[in-house]
Amino acid sequence: MALASLCLPKSMLRSAAADQGQQPNIVFIFTDDHCTQALSAYDPTRITTPNMDRIAREGMRFDRCYVTNGICGPSRAVIQTGKYSHLNGFIRNGNRFNGDQQTFPKLLQKAGYQTAVIGKWHLATTPQGYDYFDVLKGQGPYYNPPMITAGADGKPVTRPHTGYTTRIITEKTLDWLKNDRDPKRPFMVMYQHKAPHRNWRPEPKYLNWLDDVNIPEPETLWDDYQGRTQAAAAQQMTVRDHLNANDLKLTGYGNMNAEQKKVWDAAYGPKNEAYLAAKDSMTEEEVIKWKYQRYVKDYLRCVKSVDDGIGEVLDYLDESGLAENTIVIYSSDQGWYLGEHGWYDKRWMYEESLRTPLLVRWPGVVAPGSINKDIVSNLDFAETFLDLASVEVPADMQGRSLVSLFKGKTPADWRSVFYYHYYENPGAHNVARHYGVTDGKHKLIRYYALQGKKLDDWELFDLDKDPNELQSVYGSSDYKQVQAKLAKQLVDAQKQFGVPEDTDIAPKPRNRKRPAAKPAAKPAAKSAAK
């Protein structure tokens, strides 16, 4: 299929939701670093997430939702704008989002929607386009978070809170739904959690949950990075070497008060003492296994609290009668590694971080228990929100609405390949700058910069034969035609999306203390993009 199928034709931009009569409400639930391996609707081997599963059971599960740039801030900027990072101006963490540009909440406001964002924002500037915002300051701690909202004069103020952040975000969302919104108007609320972002400090009631359980290790936990380029070995995100004492709960409390520290010590103190007493007699392999169990259990404990909160919101929607005209969408800013390749973190175009969960419930429209295997993306979310609200999608947005897919109808020209681009190097975890394309069966990646030095390293994977992406077949005569096809699609994608050559290969995060520059001009030629 031609690459032009990556975006929606202008003739199809009008809403498919309009025939529902009443504009639907939108509840967008968003987490940070939540992978499909820790969501039982996708993978039940580590955890049961009954409330997330409920969305899938009563709606649709998407199996190929890919992110454009697998890191927190850039992913959120893509969702706000419906544009790749190079156009929305936020290419890496440390940038500041230019809120003056066109965003989907501003367009929803013009159409009469109430808009709210509650929880993690992580875009450094004050949210624009929202009737109500109450967001974490920066990354936000797991306990007692300072949060930024509008004061009496409309200017942002930071207010302290006491409690567990996941609970606080849920309570604020329920309070807005119950008490602050205008019941006569449709609404869109972004209910956004910090969890399960590093460094995974669980809620008090889950501090000992899973203590008597052994979490299965991924088969690639002991990956030696042979068969790929130097980038795979150069990273700094292994369970073995790079989880620190704070990550492993051997030191530190985060932002806890004295009472919270007491509860924490009662849970972790005995476990830590047992490990430290045995550590000197443990083999290297046993230490790595212990680190893996500690890390993954804390991660899953954080997910569990998120799932509890989602259940409360779903229950309220049902009990209040809102559910029948409310679309609930669950997703995360990208995937994550639960020990696959020996890693934690994200960033790569490899499947575990490229793919993110996407679950959608729309009563009477989305068939319960349905599964979609089309290639979709966080690039499509803004367009989808607008389409659901019967708002025309601007021509300069680069994704396309998912509403037809919600209805079980895949357009004949739906995208067949997907473009990815990661920029943050030098940076945390030393993942090389890279870009690539995938059609879901094969994947071509080019690594072009590492620690300020230019590269020209390539990987090609056969995802059917090598789903763990352990052996690149780039340059193999058996894949000559596949490689040539993907190489052309890569060039075409960069041309279509107006991707400029990245010549500044070693910048530090820019604009930390001053407003971001306006986004780059949209590409001159967009005839194939819509």
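This one's a predicted model, so the numbers in the text were calculated from it and none came from an experiment. Numbers for residues simply follow the sequence, beginning at 1.
- The side-chain contact (heavy atoms from CB on, under 4.5 Å) test applied to Glu171 returns Arg167, not counting sequence neighbours.
- Around atom CD of Gln139, more than 12 heavy atoms belonging to other residues, nucleotides or ligands sit under 6.0 Å away.
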For residues 146-156, tabulate all N or O donor-acceptor pairs below 3.5 Å that involve a side-chain atom, not counting sequence neighbours.
unit_1: Thr149; atom_1: OG1; unit_2: Phe133; atom_2: O; d: 2.6
unit_1: Asp153; atom_1: OD1; unit_2: Lys155; atom_2: N; d: 2.9

Run the salt bridge (charged side-chain N to carboxylate O under 4.0 Å, His left out) test on Arg446 and Asp457 for me, step by step, so that the C-alpha distance in whole Å, both residues' side-chain angles and the decisive distance to 0.1 Å come before the verdict. CA-CA 6 Å; Arg446 182 191 179 225; Asp457 292 347; over 6 Å; no
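- Applying the side chain to side chain donor-acceptor pair (under 3.5 Å) test to every pair with at least one member in residues 58-68, sequence neighbours left out, gives these pairs: Arg54-Glu58, Glu58-Arg361, Arg61-Asp63, Asp63-Lys373.
- More than 12 heavy atoms of other residues, nucleotides or ligands shown are found within 6.0 angstrom of NZ on Lys106.
- Of the possible donor and acceptor atoms, one in the side chain of Gln114 sits under 3.5 Å from a partner among the backbone N and O of Arg185.
- By the side-chain hydrogen bond (donor to acceptor under 3.5 Å, both in side chains) test, Lys346 pairs with Asp33, sequence neighbours left out.
- Between Trp348 and Tyr350, the ring planes are parallel. Angles under 30° get that label, and only those over 60° would be called perpendicular.
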Check step by step if ring pair (Phe, Tyr, Trp, His ring centres under 6.0 Å) holds for Phe381 and Phe28. CA-CA 10 Å; Phe381 292 176; Phe28 180 65; 5.8 Å; yes
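- Every residue two or more places apart in sequence or in another chain was checked for a ring pair (Phe, Tyr, Trp, His ring centres under 6.0 Å) with Tyr316, and none qualifies.
- Using the six-membered ring where Trp is involved, Tyr448 and His421 have ring planes that are perpendicular, over 60° apart on the 30 and 60° scheme.
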Where do Arg400 and Asp380 land on the salt bridge (charged side-chain N to carboxylate O under 4.0 Å, His left out) test, with the steps shown first? CA-CA 5 Å; Arg400 61 187 298 178; Asp380 302 322; over 6 Å; no
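- For Tyr113 and Phe187, the distance between ring centers is not under 6.0 angstrom.
- Atom CH2 of Trp362 and atom CZ of Phe406 lie 7.5 Å apart (nearest 0.5 Å).
- Taking the side-chain hydrogen bond (donor to acceptor under 3.5 Å, both in side chains) definition, one finds that His193 meets it with Tyr191, sequence neighbours left out.
- Less than 6.0 angstrom separates the ring centroid of His434 from the ring centroid of Tyr420.
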